[in-house]
2 protein chains.
Amino acid sequence: MSLPFEPVEFEPVYRKVAAALLERITDRTLKSGDRLPPELELARQFGVNRSTVREALRELESTGVLRRQRGSKLMMVSRPERDAVADGVSRALALHDVSIRDVWESLTILEPPIAEAAARQRRAADLARIESTFSRAMDRSAEAAARQAADFFRHVGEATHNRVLMLAHEPLLQLLAPSLRTIIDEVAPARARIATAQRHILRGIRNGDPAEARLWTGKHIRDYRRGFDLAGIDLANRVEP
Amino acid sequence: MSLPFEPVEFEPVYRKVAAALLERITDRTLKSGDRLPPELELARQFGVNRSTVREALRELESTGVLRRQRGSKLMMVSRPERDAVADGVSRALALHDVSIRDVWESLTILEPPIAEAAARQRRAADLARIESTFSRAMDRSAEAAARQAADFFRHVGEATHNRVLMLAHEPLLQLLAPSLRTIIDEVAPARARIATAQRHILRGIRNGDPAEARLWTGKHIRDYRRGFDLAGIDLANRVEP
DNA sequence: ATGGTGCTATTATCGGACAATCGGACTATT
DNA sequence: AATAGTCCGATTGTCCGATAATAGCACCAT
């Protein structure tokens with residue numbers, strides 16, 4: 001026998017308030033940069049207690065649509081920043097026991113087309129950004145080198161001028177960072193190989209040569225795969241948050 | 001002149017409490033399914049007021065690491081569900097004025113390799129799920145047909161058994177849904193063309209033929225592009241949340 | 001313009017209160 | 001034995017009121 005009745009739904013007031021505010025934000029009645037009315041005023045308008053309003057605000061704050069400048073008490077409407085969103089995605093993936101292989105496989109899929117798009121769409125400012133990252137010393141700590149490698153990908157992504165792509169691959173970079181760091185630490189030739197690949201990718205992008213950018217990015221990612229083996233990292237390990 | 005000092009950081013207590021709880025969740029001290037101590041107990045342990053604890057809980061609740069069964073008051077630790085995470089990503093992208101072209105371009109990049117991976121990784125249960133979606137009537141309302149089309153992609157994604165990929169393309173499906181619905185509504189042959197493409201993709205996956213799955217998925221996505229034109233949808237329009 | 005000075009509005013946090021209701025135990029009914 | 005009725009304590013949702021700290025702002029004096 002099937003279930004003839006839907007479960008009766010009850011929504012606490014704080015969530016209704018949050019939903020109402022979010023509605024105004026997504027429909028642009030409240031625009032990014034606007035300051036939110038004071039809590040007491042909101043409480044009056046919604047006809048609820050200030051505590052209830054505050055719970056709703058916390059909810060919106062953590063999704064990134066509300067924010068306050070550092071050391072300010074004014075609550076501003078805002079757009080969720082890439083980092084914040086990506087953090088949430090990374091955390092979710094980590095909690096779901098995603099493996100390093102899963103992440104690497106996704107990079108395999110995403111990164112070459114991104115580089116290709118970057119080579120097509122790049123503008124002067126993008127090139128400058130990538131180049132400044134590229135020229136950053138790789139001979140620093142493994143920590144710094146890993147950050148450099150991630151930034152390189154990040155800036156290539158930015159050169160596509162496609163926010164969907166940028167946001168989609170940001171969590172991958174975050175989740176791969178720890179193992180990347182290990183590889184650079186453990187595998188002697190890693191830095192040099194990374195630098196070489198980056199040079200070719202950068203050339204492809206600079207010259208507006210999508211095929212080259214894609215090709216070398218593919219090699220680069222496949223090279224990481226060898227790095228995992230050489231560094232003794234088990235691809236079945238789950239990523240860390 | 002550069003900035004010689006970092007801004008001194010102040011974190012409200014409710015965020016510290018949230019961070020402390022999140023820490024315990026990510027390090028698996030609190031495992032998914034565990035019930036959270038009562039608010040008063042938490043307040044005692046943290047040495048703060050219950051209201052403060054509640055604000056922290058709202059934050060964690062909205063990120064999906066805390067949840068309550070429908071109609072239950074027990075707060076359980078949980079892993080963020082795909083839908084919830086994807087909602088957040090979609091909202092963020094929408095607020096950033098992402099265009100339909102951006103989303104479509106990302107689909108172009110993601111979907112073919114996903115179908116390819118699905119053809120390689122699929123198991124019996126995956127096939128059954130895709131097939132059941134496929135056989136769902138396309139001749140219903142545009143609404144239902146659009147949902148069917150999205151579900152098809154979704155289930156193909158699930159057949160990859162790679163949660164990163166599943167999560168990455170979920171927001172694309174969400175954001176494309178409205179325009180997809182318009183296409184099906186406005187362009188007469190859309191349903192038939194979608195059905196044809198799905199049939200070929202399904203065959204590729206069923207036969208474990210990655211090349212075929214990839215090929216037809218590529219065609220399929222490119223076909224959508226024509227659909228936008230025929231339906232009079234401007235690719236520069238921003239997606240709706 | 002720049003730097004003080006002081007008021008007010010607003011937030012962060014607290015304490016306590018009360019109604020609703022969920023979980024569970026215990027009992028009665030068939 | 002399984003189901004339905006009854007009851008109680010624990011817990012949450014929401015409210016009220018209060019206080020300290022301080023950001024925002026206006027006003028004033030250089």
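Below, read A as the first sequence line, B as the second, and so on, with proteins coming before strands; counting in each chain starts at 1. Please read all numbers here as calculations on a predicted model, not as lab measurements.
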TODO: Round to the nearest Å and state the distance from A:Lys73 atom NZ to D:dA21 atom C1'.
DONE: 7 Å

Task: Separation of C:dT11 P from A:Gln69 CD (nearest whole Å) - done: 15 Å

Open item on the list: Looking at A:Glu158 and A:Arg154, is there a salt bridge between them, counting it only when a charged N and a carboxylate O are closer than 4.0 Å?
Closed with: no

- [ ] Report the distance from atom CZ of A:Arg58 to atom P of C:dT11, rounded to the nearest whole Å.
- [x] 10 Å

Task: Between C:dC22 (P) and B:Met76 (CE): distance, integer Å - done: 16 Å

Task: Pairwise side-chain contact, B:Trp104 with B:Leu172, heavy-atom cut-off 4.5 Å (strictly under) - done: no

Open item on the list: If the cut-off is 4.0 Å, is A:Arg54 near the phosphate of C:dT11, judged by side-chain N/O to OP1 or OP2?
Closed with: no

Task: Residues A:His161, A:Asp126; criterion side-chain hydrogen bond (donor to acceptor under 3.5 Å, both in side chains); working and verdict - done: CA-CA 9 Å; A:His161 296 276; A:Asp126 305 319; 2.6 Å; yes

- [ ] Might you confirm whether atom CD of B:Gln69 has over 12 heavy atoms from other residues, nucleotides or ligands at distances under 6.0 Å?
- [x] no

Open item on the list: Give me the atom names and distance for the closest heavy-atom approach of B:Leu202 to B:Glu131.
Closed with: CD2-CG, 3.7 Å

Task: Atom-to-atom span, CD of A:Glu11 to P of C:dA20 - whole angstrom - done: 20 Å

- [ ] Answer with base, sugar-phosphate or nothing: what part of the nucleic acid does B:Arg15 contact at a heavy-atom distance below 4.0 Å?
- [x] nothing

Open item on the list: Between B:Arg68 and D:dG13, is there a contact of a side-chain N or O with OP1 or OP2 at under 4.0 Å?
Closed with: yes

Open item on the list: Rounded to the nearest 0.5 Å, what separates atom CZ in A:Phe46 from atom NZ in A:Lys16?
Closed with: 12.0 Å

TODO: Using the closest heavy atom to pick a nucleotide of DNA chain D for each, name whichever of B:Met75 or A:Ser72 lands nearer the 5' end.
DONE: B:Met75

- [ ] Calculate the interatomic distance between B:Leu40 atom CG and D:dA10 atom C1'; express it in whole Å.
- [x] 10 Å

Task: Rounded interatomic separation in angstrom, taking CG from A:Leu74 and P from C:dT11 - done: 8 Å

Task: Atom-to-atom span, OH of A:Tyr14 to C1' of D:dT14 - whole angstrom - done: 11 Å

Open item on the list: Does anything in residues 42-53 of chain B come within less than 4.0 Å of DNA chain D? Heavy atoms only, and list the residues if so.
Closed with: B:Arg50

- [ ] Inspect the contact between A:Arg82 and A:Asp87 and indicate whether a charged nitrogen and a carboxylate oxygen are less than 4.0 angstrom apart.
- [x] no

